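First comes the structure, then the notes that go with it.
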2 protein chains.
Amino acid sequence: MSKCEQCIVRKFNSLKHLSKDELVRMSACKTSKIIKKGEPLFVEGEHINGVFCIKDGICKVSKMSENGKNQIVNLVHRGDLIGERSLISDEVSNLNAVALNDLEICFIPKTEIIRDLEKNPNFTMDVLKTMANSLKNADNLIVDMAQKTVKQRLAEALLNLEEKFGTTNEGTLDIQLSREDIANIIGTATESAIRLLSNLKKKEIIVFKGKDIKIINHNELEKISHGF
Amino acid sequence: MSKCEQCIVRKFNSLKHLSKDELVRMSACKTSKIIKKGEPLFVEGEHINGVFCIKDGICKVSKMSENGKNQIVNLVHRGDLIGERSLISDEVSNLNAVALNDLEICFIPKTEIIRDLEKNPNFTMDVLKTMANSLKNADNLIVDMAQKTVKQRLAEALLNLEEKFGTTNEGTLDIQLSREDIANIIGTATESAIRLLSNLKKKEIIVFKGKDIKIINHNELEKISHGF
DNA sequence: AAAAAAAGCTGATAAATATCATATTTTATC
DNA sequence: GATAAAATATGATATTTATCAGCTTTTTTT
């Protein structure tokens with residue numbers, strides 16, 4: 001099993017503030033796991049009892065609405081920690097996390113994280129900062145959801161996806177989402193998402209390469225996302 | 001000027017974890033202020049440089065959308081702290097805070113809060129918990145905004161307002177919001193909010209007492225909020 | 001108290017979006 | 001490789017919501 005103190009991934013998150021000693025202890029109690037595409041990492045109502053550190057892959061974080069639709073509130077990937085929220089408030093998870101592709105994760109038990117939070121102020125402050133940042137993002141998303149049209153949200157989502165996950169050699173977004181996933185990100189019916197996507201394609205703002213999407217007119221997409 | 005160590009309001013928020021000494025020092029550097037109804041406490045883009053503790057009154061926390069509409073993301077009142085987020089991430093505010101009625105607040109400068117965060121782990125953990133809770137609420141709001149109809153959101157908002165702010169002797173919601181405010185909470189046009197409200201009135205689910213709203217059929221409102 | 005401004009209300013209409021139906025294409029399974 | 005299943009696509013229609021216009025009531029200002 002790999003060792004936390006040698007793991008490059010921790011550099012991307014709050015764990016970078018842990019000392020050698022703390023990392024060695026963490027190594028000793030962490031477990032690694034592969035989650036297959038489509039499988040859940042955890043589900044709503046589950047006691048997580050720890051934190052997941054994503055080594056590889058992408059995980060969609062979502063919540064079921066009362067009318068049975070799945071709203072994706074976040075996409076996390078390599079380097080991200082997930083599960084801190086539930087751990088800190090000592091509650092069951094309010095969210096579902098499902099592997100978008102094969103996921104390589106480490107699980108760090110709650111006791112270990114709590115100990116570090118209590119002993120290492122730099123770590124705690126970084127967790128606090130991360131959470132503050134998530135909160136800002138969440139506020140922005142609330143405003144977008146409440147005030148932007150579906151068309152605007154789709155344009156914005158595509159740009160955000162490119163920024164966050166980058167592009168392949170082909171220039172396509174380096175994340176494979178189904179039409180349904182895209183609909184669940186922007187909060188609309190799958191048919192509506194499909195319609196708007198093919199509209200963007202017709203206007204030559206995006207192209208489809210197989211399953212993948214390539215943005216070819218960023219400027220125009222930007223404009224649409226701002227409501228023009 | 002009143003003293004923090006004697007102030008009952010701090011019991012409602014993370015400041016309850018501060019020691020006598022810490023509170024005395026805070027008293028020495030805090031400033032008190034009255035913000036008149038309609039006046040801003042702070043605005044988007046402003047460097048807040050501290051935290052506000054609300055002694056009395058209600059403050060609406062909002063964000064401008066690109067199309068010029070104001071989305072209310074939170075209503076804070078007596079006992080709440082506001083401004084932690086910007087302080088922690090060391091950024092300008094991403095939100096506006098405007099007094100809904102006359103507001104009595106204390107301002108605690110950043111340096112003082114940072115010092116306490118560094119020195120008092122109980123305080124820090126409580127801030128972390130508060131933030132985690134805000135994040136959960138924000139996620140729920142995202143899902144509501146994305147998936148519920150305006151009618152559902154209105155019903156839910158009314159119930160939430162009653163739960164959070166309680167009722168007067170008359171049984172009306174103990175918070176005075178304009179129709180525009182209500183529209184800005186649920187993310188719709190003012191006319192739509194008005195229409196839906198008078199609809200609820202026609203169905204005798206709510207009544208208007210002057211400016212105030214009284215819920216008379218909670219059950220039905222609950223049903224509507226769940227989509228029936 | 002009169003005038004002006006703001007807030008609240010209602011109707012008509014347009015635009016956005018959901019829903020249902022059905023067809024086509026892609027992917028998985030045997 | 002045939003078949004079944006899932007994903008994608010498109011049209012028709014219904015529903016929801018926004019916008020615009022005009023009107024009434026309430027609040028503020030003078």
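Lettering of chains follows the sequences in order, A, B, ..., and the numbering in each one begins at 1. Just so it is clear, the values below take in all heavy atoms, side chains as well, and ignore hydrogens, waters and symmetry mates. Keep in mind the model is a prediction, meaning the values are calculated, not measured.
Non-hydrogen atoms lying under 4.0 Å from DNA chain D are contributed by T188(B), all within residues 169-188 of chain B. Across residues 193-217 of chain A, R195(A), K211(A) each have a non-hydrogen atom less than 4.0 Å from an atom of DNA chain C (numbered order). Residues from residues 220-228 of chain A that place a heavy atom under 4.0 Å from any atom of DNA chain D: there are none.
A salt bridge does not link E191(A) to R179(A): none of the charged nitrogens lies less than 4.0 Å from a carboxylate oxygen. For the pair E220(A) and K203(A), the salt-bridge criterion is not met [side-chain N within less than 4.0 Å of a carboxylate O]. Taking a cutoff of 4.0 Å between a charged side-chain nitrogen and a carboxylate oxygen, K37(A) and D102(A) do not qualify as a salt bridge. A salt bridge does not link K36(A) with E39(A): every distance from a Lys NZ or Arg NE/NH1/NH2 to an Asp or Glu carboxylate oxygen is 4.0 Å or more. A salt bridge is absent between R153(B) and D144(B): the closest approach of a Lys/Arg side-chain nitrogen to an acidic carboxylate oxygen does not fall below 4.0 angstrom. E170(B) and K214(B) are not joined by a salt bridge, as no carboxylate oxygen comes within less than 4.0 angstrom of a charged side-chain nitrogen. Salt-bridge check for K136(A) with E91(B): passed, with a basic side-chain N closer than 4.0 Å to an acidic carboxylate O.
Shown here for I82(B) and V76(B), the closest heavy-atom pair between the two residues is CD1-CG2, 4.2 Å.
Taken over five-pair windows at either terminus, the axes of the helix from dA1(C)-dT30(D) to dC30(C)-dG1(D) are inclined to one another by 50° (rounded to 10 degrees).
Distance alone, capped at 3.5 Å, places no donor-acceptor pair between the S27(B) side chain and the K3(B) backbone. A donor-acceptor pair is defined here as one N or O able to donate and one able to accept, closer than 3.5 Å; no such pair exists between the side chain of D56(A) and the backbone of E104(A).
A donor-acceptor contact closer than 3.5 angstrom is absent between the side chains of S14(B) and K129(B). No hydrogens or angles considered: a donor-acceptor pair under 3.5 Å links the side chains of N94(A) and R85(A).
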Practice problem: Start with the C-alpha distance between F165(B) and L173(B), add both sets of side-chain angles, then the distance that settles side-chain contact (heavy atoms from CB on, under 4.5 Å), and finish with yes or no. | Solution: CA-CA 7 Å; F165(B) 297 101; L173(B) 300 186; over 6 Å; no
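On the nucleic acid side, DNA chain D has its first and last nucleotide under 4.0 Å of a heavy atom of chain B at dT17(D) to dC20(D), going 5' to 3'. Contact footprint of chain A on DNA chain C: nucleotides with an atom under 4.0 Å from a non-hydrogen protein atom, first to last in 5' to 3' order, dT17(C) to dT27(C).
If you run side chain to side chain contact (heavy atoms under 4.5 Å, CB included) between V143(A) and each of K69(B), E66(B), M64(B), K63(B), only K63(B) comes through.
Taking the six-membered ring where the residue is Trp, F107(A) and F52(A) present tilted rings, their angle falling between 30° and 60°.
Residue K69(B) is classed as a sugar-phosphate contact, given heavy-atom separations below 4.0 Å to backbone atoms only.
Within a 6.0 Å radius of NZ in K164(B), other residues, nucleotides and ligands contribute more than 12 heavy atoms.
Going from atom CG of L75(A) over to atom CG of D80(A) covers 10.0 Å, rounded to the nearest 0.5 Å.
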